[in-house]
Amino acid sequence: MAALQFQLEKTDPGSKARTGKIKTDHGEILTPIFMPVGTVGSVKAVTQQQLMNDVKAQIILGNTYHLYLRPGLEVLEKAGGLHKFNGWQKPILTDSGGYQVFSLAGTRIIKEEGVTFQSHIDGSRHLFSPEYVMDIQRIIGGDIIMAFDECPPGGSDYAYARTSMDLTHRWLDRCWNRFHSTEDKYGYTQNLFPIVQGGTFKELRKSSCEFASSKNATGNAIGGLSVGEPEPVMYEICDWCCDHLPKDRPRYLMGVGTPWNMLECISMGIDMFDCVMPTRNGRNAMLFTTKGILNIDNKKWEFDFSPIDDGLDCEVSNYYSKAYLRHLMKAKEFLGLTIASVHNLAFYLWLMKEARTHIEKGDFASWKTEMVEVLKTKL
RNA sequence: GGGCAGAUGGCCGAGUGGUUAAAGGCGACAGACUGUAAAUCUGUUCUCUUCGGGGUACGGAGGUUCGAAUCCUUCUCUGCCCA
């Protein structure tokens, strides 16, 4: 049992893209990688078997806030951690609840000590201090756990971004101390990733990268992007952060994004992504395919009996037709949600595999330019 | 054969003299969704338009009224009850 290790493998000559291998006690992860989001211990509408066999996921996420509220720490601890509870034996990463500071802004109070959330389930109040968030994530048992941060909205001004970043840094110290004064609960090694903040301000981002890097963590994350700021700004800040984070550690861009977002950010040196987009948008009828994006609810697919996507190695995508999936979605059949989610996730994982292949071949940059255009095509 | 109830926009269903082109729901059509309070949310949904407005419309026909989906007469159809 050992801490996470990152082996850099190939670097693309035409960009800053790289391939690598992350080793955890629950197995290896080939990077760049996309991590399906399983907020409450379940990737919505998708079984663990489908994640393994169809999606070919290498690592999935869980969420501290949601899992803490339900099923709760007692169940998770008695189960022996989330891996045993949900049956996912590959790596798991848990987000800290920092994003909920952003997304549940209407029902939480931020203080120096931590954040008091009002449960979206029953209205009860819960204080999440950095220390408690570490304790919770110890109990959930993710292989990678995230520092507790404040994720400010994309349009935040300098003063707010600065204040918020400073708070996130103080919280990082507290997370770090708590994490290193507590032990792994289940016999395998957990890893704490710091999160870079600083809004859309390069000066702040640079200092946040330096602060995060000073922890010499086994990996680093970039947070606070794709939260309302324009896409070019997101790219600019992502690129800037990559340049100021250690090369020899995985860089995780939190919450991003669209397929083209991921290719652009891979070219800047990002290794890990997560996003609800393939699952949420899939449930809402938006499909990402090797030929472009489409809304499967649209009337134009009513008589299209061709496969959802025959361009990737996923049986679900190859087997079911667009017309059939449209029918399922229109009829609000559960199976439609599953097929759409499995397909979109399989596509995201396929895209990462293609990216790795092209980085290894050394033609990632040119391939990316062409692929981004295809990915954005509205079918 | 007799009695009662009813017929509203693609469907269901409010509305019982004027602010009603007609609530609401469904369906349909389109859009949004980026560390998941999301199988959610938003918009459009008679017709023509030079976007100011115009034309048709609440089973059919006729009538009362300044004005009718709303009141009266009659016809057609539907449901229930009695023979």
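Naming convention: chains lettered A, B, ... in sequence-line order (proteins, then strands); numbering from 1 in each chain. These numbers come from a predicted model, not from an experiment.
Under the Watson-Crick or G-U wobble criterion, with both distances below 3.5 Å, rU19(B) has no partner in any strand shown. Across all strands shown, rA30(B) forms a Watson-Crick or G-U wobble pair, both distances under 3.5 Å, with rU42(B). In this structure, rA57(B) makes no Watson-Crick or G-U wobble pair, since no nucleotide meets both defining distances under 3.5 angstrom. Summarising the base pairing, rA14(B) is matched to no nucleotide, lacking a Watson-Crick or G-U wobble pair whose two defining distances lie under 3.5 Å. Base pairing analysis places rG67(B) opposite nothing; no Watson-Crick or G-U wobble pair with both distances below 3.5 Å involves it. Across all strands shown, rU78(B) is found opposite rA5(B) as a Watson-Crick or G-U wobble partner, with both distances under 3.5 Å.
Within residues 334-347 of chain A, the residues approaching RNA chain B are F334(A), L337(A), by heavy-atom distance under 4.0 Å.
Centroid-to-centroid, the aromatic rings of Y68(A) and Y65(A) stay 6.0 Å apart or farther. Remark: aromatic rings of F288(A) and H343(A) are distant, center separation not under 6.0 Å. If you look at F34(A) and F273(A), their ring centroids are not closer than 6.0 Å.
rU40(B) and rG54(B) have their P atoms separated by 40 Å, given to the nearest Å. Atom P of rG13(B) sits at a distance of 15 Å from the matching atom of rC80(B), rounded to the whole Å. Distance check on atom P: rG6(B) versus rC66(B) gives 29 Å, rounded to whole Å. Taking atom P in both rC41(B) and rC51(B), the straight-line distance is 35 Å, to the nearest Å. For the C1' atoms, the distance from rA22(B) to rC58(B) is 8 Å, rounded to whole Å. Rounded to a whole angstrom, the distance from the C1' atom of rA68(B) to that of rU16(B) is 11 Å. For rU42(B) and rU50(B), the C1' atoms lie 30 Å apart once the distance is rounded to whole Å. Taking the P atom of each, rG31(B) and rU8(B) are spaced 34 Å apart, rounded to whole Å.
Following rounding to the nearest Å, I296(A) (CD1) and rC29(B) (C1') show an atom-to-atom distance of 16 Å. Rounded to whole Å, the distance from CD on E302(A) to C1' on rG27(B) is 14 Å. Atom pair W301(A):CH2 and rA28(B):C1' shows a separation of 19 Å (rounding to whole Å applied). If you measure from atom CE of M329(A) to atom P of rC29(B), you get 14 Å, rounded to the nearest angstrom.
Taking CD1 from I136(A) and CD from E131(A), the interatomic distance works out to 11.5 Å, rounded to the nearest 0.5 Å. Of the inter-residue distances, the one linking L253(A) atom CG with N220(A) atom CG reads 13.0 Å to the nearest 0.5 angstrom. To the nearest 0.5 angstrom, N177(A) atom CG is 11.0 Å from M134(A) atom CE. The CE atom of M272(A) sits 10.5 Å away from atom CD of Q58(A), with the distance rounded to the nearest 0.5 Å.
F211(A) belongs to a hydrophobic cluster with L172(A), counting contacts under 4.5 Å between side-chain heavy atoms of Ile, Leu, Val, Met, Phe, Trp and Tyr, direct or through other members.
The cationic atom of R138(A) (NZ for Lys, CZ for Arg) lies less than 6.0 Å from the six-membered ring centre of F179(A) and within 45° of the ring axis.
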For nucleotides 31-38 of chain B, 5' to 3', base contacts (B), sugar-phosphate-only contacts (S) and non-contacts (-) with protein non-hydrogen atoms under 4.0 Å give SBBBBBBB

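Look at K300(A) and you won't find any side-chain N or O under 4.0 angstrom from OP1 or OP2 of rC29(B).
Anti is the glycosidic conformation of rG67(B), whose angle departs from 0 by more than 90°.
Remark: the S164(A) side chain and the E150(A) side chain contain an N/O donor-acceptor pair separated by less than 3.5 Å.
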